[in-house]
2 protein chains.
Amino acid sequence: MRQIKHPTIEQVELTDIMYALADPTRLEIVARLAKAGRKMTCGEFDLNRPKSSMSHHFKILRSAGLVETVIDGTEHMNSLRIEEIERKYPGVLQSVLKATTAIDFDIFRQPPR
Amino acid sequence: MRQIKHPTIEQVELTDIMYALADPTRLEIVARLAKAGRKMTCGEFDLNRPKSSMSHHFKILRSAGLVETVIDGTEHMNSLRIEEIERKYPGVLQSVLKATTAIDFDIFRQPPR
DNA sequence: CCTATAGTTCGATTATATTCGAACAACAGA
DNA sequence: TCTGTTGTTCGAATATAATCGAACTATAGG
């Protein structure tokens, strides 16, 4: 598989988005992507979880139309499909992202030893 | 139990709201409450489901801080806590509701016989 | 080629949600 | 006080999701 298949924005349902964003891990991934404002590899999010779990969450984010993944060598570069989502569901992603900036997500921090 | 306990707006987490709205049945309930713009009893939403299921969904909507239920005689009057939610998470509920107005939710329609 | 790297897929386990009938509680009206 | 109405609670079945190790794929670089 050369590149990964993504749904078109027409295929993206609101409930897909809500479901994808309802999981704290995925909400954190989306929030970090937005904050970074650039493409990020899966490995860059060190959420203290095995890569099979991360891969699972990215798969759901892709199928919800929230994330686009471009394969570049061995790395998978992820970015938010924020313009498309905003066009179809104005304000949804924007307001949720705004609401997340105040949140700490300290559950993902590595416990100090 | 005279009246039902609700969380304060301070206790309401964004993930609670996202989780509550991720279920199509609950999203439909919230959308209808918003569209009606008035208090509605649980029985008014005929979503073709037994009342124990409806009660379950209302319980989750209440615990997410989305719905307030006031007991009036034998009826339970439900309303959206939209002002409070908007103050804490501006745009979230508003944009989601706007996005739902275009949706049909025909899965809830009683099949014609 | 060989090896390391980045992610995916598979399969099994565990956890969490949904669903709904039945029993229950609170209340109104006769 | 009896009866119907409205909704909650309980408990069990079923469905869906999250988790993660292990095996696998594709690619880059020597």
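Letters A, B, ... are given to chains in the order of the sequence lines, protein chains preceding strands, and every chain is numbered from 1. Treat the numbers as computed from the prediction; the structure is a model and nothing was measured.
Each of dT18(C), dT19(D), dT6(D) was ranked by its minimum atom distance to the side chain of His56(A); first place goes to dT19(D). With dA28(D), dT8(C), dA18(D) as the candidates, the nucleotide lying closest to the side chain of Ile4(A) is dT8(C). For Arg26(A), counting side-chain heavy atoms from C-beta on, the closest listed nucleotide (dA26(D), dT19(D), dA18(D)) is dA18(D). Residue His76(B) has its side chain nearest to dT8(D) when only dT8(D), dT5(C), dT19(D) are considered. Nearest to the side chain of Ser53(B), among dG21(D), dC20(C), dT9(D), sits dC20(C). Here the side chain of Pro50(A) is nearest to one of dT27(D), dG21(D), dG7(C), namely dG21(D).
The salt bridge (Lys or Arg N to Asp or Glu O under 4.0 Å) test with Glu44(A) singles out one residue from Arg38(A), Lys39(A), Lys51(A), and that residue is Arg38(A).
The distance from atom CG of Leu61(A) to atom C1' of dT8(C) is 15 Å, rounded to the nearest whole Å.
In DNA chain D, stems built from 3 or more consecutive Watson-Crick or G-U wobble pairs, each with both distances under 3.5 Å, span C:1-30 with D:1-30.
The distance from atom CG of Leu21(B) to atom CD1 of Ile17(B), rounded to the nearest 0.5 Å, is 7.0 Å.
Taking the six-membered ring for Trp, Tyr19(B) and Tyr19(A) have ring centres at least 6.0 Å apart.
Side chain of Arg49(B) to backbone of Leu47(B): a donor-acceptor contact under 3.5 angstrom is found.
Within residues 33-43 of chain A, no residue has any heavy atom under 4.0 Å from DNA chain D.
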